[in-house]
Trainee: 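Right, I'll just put the structure down here and ask away after.
Every value quoted in this text rests on a predicted model; they were computed, and no experiment measured them. Letters go in sequence order (proteins before strands), and every chain restarts at 1.
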Amino acid sequence: MMMRALRRRINAWYARAGRALPWREPDCGPWGVFLSEVMAQQTPLARVEPIWRDWMQRWPTPAALAAAAPGDAVRAWGRLGYPRRALRLHEAATVMVERHGGDVPTTPAELLALPGVGAYTAAAVACFAFGIPEVVVDTNVRRVLARTVEGKAFPHLTLTRAETDLATRAMPAQRHTESSARDEANVWNVAVMELGALVCVARGPRCEECPVADLCAWNVAGRPAYEGPPRRGQAWHGTDRQVRGEILRRLREEHRPVPLTALDGAGPERAQVLRCLDSLVADGLVEPLGRNRFRLPA
DNA sequence: GATTCGTGGCT
DNA sequence: TAGCCAAGAAT
């Protein structure tokens, strides 16, 4: 039926147009895939690649990262954003050493138990690193299915049960553990994500280049505008996020403890700077030395 | 379920 | 220009 045609065409498109990303190379290994998936959370892949190469060279195994200071991970994270991910990556590497023999665990349940790993990342690593045909649902998959199948410009604000069910139905049928079915499922997962990232993008979709334009319910209906609750933007100016980011930027640049007076300018109000400093310490991203000096955690 | 959490490119 | 959005997770 329609799903089968969608899969066939999208998989064929991916074979032709998919990007040659380093973590897609056959010899990348589970650790490289794991790193790439955490780094890619809410982050465009173009920004991930240089940081990923840096980390892979510096910490080629979970044990190598676990042996480093967490602050080194935070510093090497640079400006990728959401720096708690760097800390959780370090924690996850420690768990891998202590409980999994220094390897990335192979089952979705074990992956889900790692810090910084949710439903998406667990499924993605299981699929892309170990060939387990999990249902991978990210923002790209949700948008492609919302358009092609449901005829809507955008999916719901939050992932719904109906969307997970739809993504499950979109997967090729699993006839036991037949290897060809597994392969098709694994290709489908990455191919549909790639279509969402390159063609079926949120704004300015390139339907002229889309391999399933004639099958797409949204395109066939004339690409009707989004109807639904307003998609709230993320506030930035004057927020704690901005101040936390500025504090961390200063600490990354200094390789010795930074006095509080050097952090004052991180925000317009001293009270906010102090509040953000507290929250960064609580998160484990900043280590206080006495009352007036701070550094990345050793 | 609704919020919070970075950063920067693109329209 | 100002807002939208990106291979989400944790609380």
Trainee: So do A:Asn189 and A:Met171 actually touch side chain to side chain, heavy atoms under 4.5 Å?
Mentor: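 SC-SC contact between A:Met171 and A:Asn189 confirmed.
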Trainee: Considering only atom P, compute the distance from C:dC4 to B:dT3 and round it to an integer number of Å.
Mentor: 16 Å
Trainee: Would you mind classifying the nucleic acid contact of A:Gln234 as base, sugar-phosphate or nothing, using non-hydrogen atoms under 4.0 angstrom?
Mentor: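 The residue A:Gln234 makes base contact.
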Trainee: When all nucleic acid strands are considered with a 4.0 Å heavy-atom cut-off, which category describes A:Leu80: base, sugar-phosphate, or nothing?
Mentor: base
Trainee: Do A:Glu110 and A:Thr107 meet the criterion of a side-chain donor-acceptor pair at a distance under 3.5 Å?
Mentor: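 Yes, A:Thr107 and A:Glu110 have a side-chain donor paired with an acceptor closer than 3.5 Å.
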Trainee: If we ignore angles and hydrogens, is there a donor and acceptor under 3.5 Å between the side chains of A:Tyr120 and A:Gln41?
Mentor: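 Checked: A:Tyr120/A:Gln41 side chains show no N/O donor-acceptor pair below 3.5 Å.
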Trainee: Give one of base, sugar-phosphate or nothing for A:Phe154, where a contact means two heavy atoms less than 4.0 Å apart.
Mentor: sugar-phosphate
Trainee: By nearest heavy atom, map A:Arg24 and A:Leu114 onto DNA chain C; which one lands nearer the 5' end?
Mentor: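 Looking at the nearest nucleotide for each, A:Arg24 comes out on the 5' side.
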Trainee: With rounding to the closest Å, how many angstrom separate the P atoms on B:dT4 and C:dA7?
Mentor: 23 Å
Trainee: How is A:Ala119 classified with respect to the nucleic acid when contacts are heavy atoms under 4.0 Å: base, sugar-phosphate, or nothing?
Mentor: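 Sugar-phosphate, no base atom in range.
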Trainee: With C1' as the reference atom in both, quote the distance from C:dT11 to B:dT7 in angstrom, rounded to an integer.
Mentor: 22 Å
Trainee: NA contact type, A:Trp23, heavy-atom cut-off 4.0 Å: base, sugar-phosphate, or nothing?
Mentor: base
Trainee: Determine, for A:Arg161 against A:Asp165, whether the closest basic-nitrogen to carboxylate-oxygen distance falls under 4.0 angstrom.
Mentor: yes
Trainee: Name the first nucleotide and the last nucleotide along DNA chain B (5' to 3') that come under 4.0 Å of a heavy atom in chain A.
Mentor: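 Range of nucleotides touched by chain A: B:dT3 to B:dC10.
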Trainee: Can a donor-acceptor pair be found between the side chains of A:Tyr82 and A:Arg241 at a distance below 3.5 Å?
Mentor: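 A:Tyr82 vs A:Arg241: donor-acceptor pair found between side chains.
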Trainee: Under 4.0 Å between a side-chain nitrogen and a carboxylate oxygen: does that hold for A:Asp264 and A:Arg250?
Mentor: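 No, A:Asp264 and A:Arg250 are not salt-bridged.
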Trainee: Does A:Tyr14 have A:Arg19 sitting over its ring (NZ/CZ under 6.0 Å from centre, angle to axis within 45°)?
Mentor: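 Not satisfied by the 6.0 Å and 45° rule.
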Trainee: Quick check for you: name the first and last nucleotides of DNA chain C, 5' to 3', having an atom under 4.0 Å from a heavy atom of chain A.
Mentor: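 Under 4.0 Å from chain A, the extent on DNA chain C is C:dG3 to C:dA10.
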Trainee: Looking for any heavy atom pair under 4.0 Å, which part of the strands does A:Val117 touch: base, sugar-phosphate only, or nothing?
Mentor: sugar-phosphate
Trainee: Between A:Trp59 and A:Trp31, is the gap from one ring center to the other below 6.0 Å?
Mentor: no
Trainee: Touch check for A:Arg47, heavy atoms < 4.0 angstrom, all strands: base, sugar-phosphate only, or nothing?
Mentor: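 Base contact - A:Arg47 has a heavy atom under 4.0 Å of at least one base atom.
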Trainee: Does A:Thr148 reach the side chain of A:Leu215, with side-chain heavy atoms less than 4.5 Å apart?
Mentor: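 Contact flag for A:Thr148/A:Leu215 side chains = no.
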Trainee: On DNA chain B, check which nucleotide each of A:Leu159 and A:Arg241 is closest to and give me the residue with the more 5' one.
Mentor: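 Per heavy-atom nearest nucleotide, the more 5' residue is A:Leu159.
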Trainee: Using the ring of A:Tyr226 (Phe, Tyr or Trp, six-membered ring only), decide whether A:Arg231 places NZ or CZ under 6.0 Å from its centre and within 45 degrees of its axis.
Mentor: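 That pair qualifies as a cation-pi contact.
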Trainee: Please work out if A:Thr239 contacts a base, only the sugar-phosphate, or nothing of the nucleic acid, heavy-atom cut-off 4.0 Å.
Mentor: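 Counting heavy atoms under 4.0 Å across all strands, no contact is made by A:Thr239.
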Trainee: Reckon A:Arg142 touches a base, only the sugar-phosphate, or nothing at all at heavy-atom distances under 4.0 Å?
Mentor: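 The answer is nothing, as A:Arg142 stays clear of every strand by at least 4.0 Å.
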Trainee: Assuming nearest nucleotide by heavy-atom distance, tell me which of A:Gly233 and A:Phe128 is located more 5' along DNA chain C.
Mentor: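 Its nearest nucleotide being more 5', the pick is A:Gly233.
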Trainee: Do A:Asn11 and A:Glu184 meet the criterion of a side-chain donor-acceptor pair at a distance under 3.5 Å?
Mentor: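 No - no donor-acceptor pair under 3.5 Å links their side chains.
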Trainee: Where along residues 27-44 of chain A does a heavy atom come under 4.0 Å from DNA chain B, residue by residue in number order?
Mentor: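 Going residue by residue through residues 27-44 of chain A, the ones with a heavy atom under 4.0 Å of DNA chain B turn out to be A:Gln42, A:Thr43.
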Trainee: Base, sugar-phosphate alone, or nothing: which one does A:Ala202 contact when heavy atoms must sit under 4.0 Å apart?
Mentor: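 Here A:Ala202 touches the backbone only, sparing every base.
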Trainee: Pairing donors with acceptors under 3.5 angstrom, does anything connect the side chains of A:Thr43 and A:Arg85?
Mentor: yes
Trainee: With heavy atoms under 4.0 Å as the rule, sort A:Gly118 into base, sugar-phosphate or nothing.
Mentor: sugar-phosphate
